[in-house]
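As structure tokens, the structure follows; a few thoughts come after it.
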Amino acid sequence: MALRQFSAAALGATALACIAASPAHAVTEIQWWHAMSGPNNDVVNKLANDFNASQSEYKIVPTFKGSYADTLNAGIAAFRAGNAPGIMQVFEVGTATMMAAKGAIKPVYELMKEEGEKFDPNSYLPAITGYYSTAKGEMLSFPFNSSSMVMWVNLDALQKAGIAEPPKTWPETFDDAKKLHAAGNPTCGFSTGWVTWSLIEQFNAWHNLPIGTKANGLDGFDTVLEFNSPQELKLLENLVELQKDKSFDYSGRTNTGEGRFTSGECAMFITSSAFYPNVKANAKFNYTAVAMPYFPDVKGAPQNSIIGGASLWVMGGKPKEEYKGIAKFFTFLSDTDRQVYLHQESGYLPITKAAYEKTKASGFYEKNPILEVPLKELTNKTPTENSRGLRFGGMVQIRDVWSEEIEAALAGKKSAKEALDAAVSRGNQMLRQFERTAGK
Amino acid sequence: MENRAIFSGRLLPILLVLPQLAISLIFFYWPAFQALWQSFLVQDAFGTSTEFVWLENYLSVFARPEYYHSIGVTLVFSALVAFFSLSIGLLLAVMANREIAGLQIYRTFLIIPYAVAPAVASTLFIFMFQPGLGMIAAMLRRSGIDWNPVLNGTHAMILVVIGAVWHQISYNFLFFLAGLQSIPKSVIEAAAIDGARPARRFWTIVFPLLSPTMFFLIIVNTTYAFFDTLGIIDTATEGGPNGATQTLVYKVFQDGKVGTDLGGSAAQSVILMVIVVGLTAVQFRYIEKKVHY
């Protein structure tokens, strides 16, 4: 009671101070730094406007800060200068960097508890929140835009090559790639975007193989990489072989090669499910998306896929009123109808179970089956230690190192085995470097 | 003959150089010392934990084979960029120094590329050279060359060299043209009367008289290739494939910004600073001897 009176008094005092300073702005402003450009930028602005219109005490101010890496670096620099935003959107591979910075962030589960917002971690899809939670299941950041990986297929090209239906397994994919290469796609039978996400991270989760020890790093920073087993080797060796005549053709480290699918150059393309709006707008052929291929001889495959995308982190050391506003904003975002709208509008995955069920019940997926493919992959089986997600410190740069090695193998500069071993050992060096400064 | 400026007291000269000194201290020496200090620390990205580690960052830089690879890439890249941007710049300047119709228009057009930001320039080059999308890439492929800078290191190197050279040619052109115009016409005319052909006139008269400009441009171009090409490499190849275009300065940027390893990145930038200072000193010591002022 006393506390309540105190905070009421404090609030009153703050309000008075604000009124004295500038009568028009008696609201708490919350800075939200994000990396959403194009149509998704409009979604962010709409969310902020809707929230600001729904109440009068808080005002969310979204600011576009460039790419994911730019946004993270802007946040780091701002924190070091004592000027961090309230909410920061960070891509999934920045998770370890954020959670290692103990004083710099405010875990979401703590925030929601302290601010007394209704918050049930079980109402969210575990395949999504698992990526952003501690080993004990405490949610550290708030999932915002999530996607998973699917295989995009040019149905016209398949028909031309005499292939009845999209491949389900890797051996079928290799065969079809050769047929496509011989028929109408001489420069690219199939390809992938986000090379390490597809060939290492998703591949291992989908086959229930560990990328690293300690549940892929989710259980501790002393994790050691171990993705140089015969299964990963088999995949890479096959791709190296197919690269020689371009039945498979490498398309770079990020998604810059995705245009090769919409232009019709590559007949099959493994990349993010968030590619959907782009395909819908630009592909001038019949297309579909199917689940990622798997090796049928690997026990338990397919397991479940993991997510990509970004989550919202709350920065530490902010005044109480700001935290109150952020907690209310997260409750606002979790609203079922809002999640349904976001999912259907942006093509990103819904984060709550209720939103998924509601979309399903509305018959939306019968009309848009492609949007359900990533959800089916994510929820295919109960996630295991190998498929909950991954958390490696310095993951952004580790991905670059892995890509370098895969490039060396595909260019014929190293054998597949040498490349995978080097990717593991160089990655481990970086993990040890990160471990030294993490969580102290 | 006394040609120094004479001041009656000490105060005025000190006051006059003070702004320049302040600018140098704040914008050059302070960051340099910050980098030096940071290179002795191991720190997490947010700066919440810091450990003083003496020379460990330096030792771990030198223990990595990638670093030596990167030094090799930088030397090849810088030599190519300096050579091509200087020779093309000189060629164009000599051409534009003749009396031809529409001279001013040519000159203006030759200078404009310098005003284009490196990132913009390299985005344009990506469009032109992107396999599957770009015009030039399509032309190369039609003529039977399997152009593929995302996987072929040599192609990637050619791509960033073209981008870097293209941007620097205008700058070199401008200086060479100014240098050429300061050469007295009478000397060249005298040689012409003596029967020297244009090529001979160029190599025995014009080129030696241009040597101060050439010397200055060699230093500027080397420094440009070492430091200012970051934007081009970042947009065009991101240092790939397999480190084929990862120059030293790009590695500093990668380790510091992408890898958030500030200590290691600072150590590398200190090493880079030493290399460039050393290189410039060598150029002054040996090349300047051949310069005729």
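Note that these values count all heavy atoms, side chains included, but never hydrogens, waters or copies made by symmetry. To find a chain, count down the sequence lines: A is the first, B the second, and so on, and within it residues start at 1.
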- Query: Which ring-ring contact (aromatic ring centres under 6.0 Å, His included) pairs, counting each pair once, include a residue from residues 236-258 of chain A, with sequence neighbours left out?
  - Reply: A:F190-A:F248
- Sorted by number, residues from residues 54-89 of chain B in contact with chain A (heavy atoms, under 4.5 Å): B:E56, B:R64, B:E66
- Go through the atoms of B:L262 and report whether side chain, backbone, both or neither lie under 4.5 Å from a heavy atom of chain A. side chain
- Which of A:M395, A:Q243, A:R426 touches chain B most, by non-hydrogen pairs under 4.5 Å: A:R426
- A:D400 and B:Q254: which non-hydrogen atoms are nearest, and at how many Å? OD2-NE2, 3.1 Å
- Message: Tell me the closest heavy-atom pair linking A:R436 and B:V53, and the distance in Å.
- Response: NH2-CG1, 3.4 Å
- Answer yes or no: are there more than 12 heavy-atom neighbours, outside A:F285 itself, under 6.0 Å from its atom CZ? yes
- Count the heavy atoms belonging to other residues, nucleotides or ligands that lie under 6.0 Å from CZ of B:F52, then report whether that count exceeds 12. yes
Report the distance from atom [atom1] of [X] to atom [atom2] of [Y], rounding to the nearest 0.5 Å.
{"X": "A:I105", "Y": "B:T48", "atom1": "CD1", "atom2": "OG1", "value": "10.0 Å"}
{"X": "B:K257", "Y": "A:L72", "atom1": "NZ", "atom2": "CG", "value": "10.0 Å"}
{"X": "B:D261", "Y": "A:F434", "atom1": "CG", "atom2": "CZ", "value": "11.0 Å"}

- Query: Is there a side-chain contact between A:Q397 and B:D255 (heavy atoms, below 4.5 Å)?
  - Reply: yes
- Task: Would you mind reporting whether A:E407 and B:L151 have side-chain heavy atoms less than 4.5 Å apart?
- Result: yes
- Name the region of A:K246, side chain, backbone, both or neither, that has any atom closer than 4.5 Å to a heavy atom of chain B. side chain
- Item | chain B contact via A:T187 - side chain, backbone, both or neither, heavy atoms under 4.5 Å | side chain
- Item | Pairwise side chain to side chain donor-acceptor pair (under 3.5 Å) hits with a residue in residues 226-242 of chain B, at least two apart | B:S122-B:T235, B:D234-B:Y250, B:T237-B:T245
- Counting heavy-atom pairs under 4.5 angstrom with chain A, the leader among B:N148, B:V42, B:N152 is B:V42
- With a 4.5 Å cut-off on heavy-atom pairs, point out which of B:D146, B:T50, B:T260 contacts chain A the most. B:D146
- Query: side chain to side chain donor-acceptor pair (under 3.5 Å) with A:T256: which residues, sequence neighbours excluded?
  - Reply: none
- Query: Is a side-chain N or O of A:R80 found less than 3.5 angstrom from the main chain of B:A45, in a donor-acceptor match?
  - Reply: yes
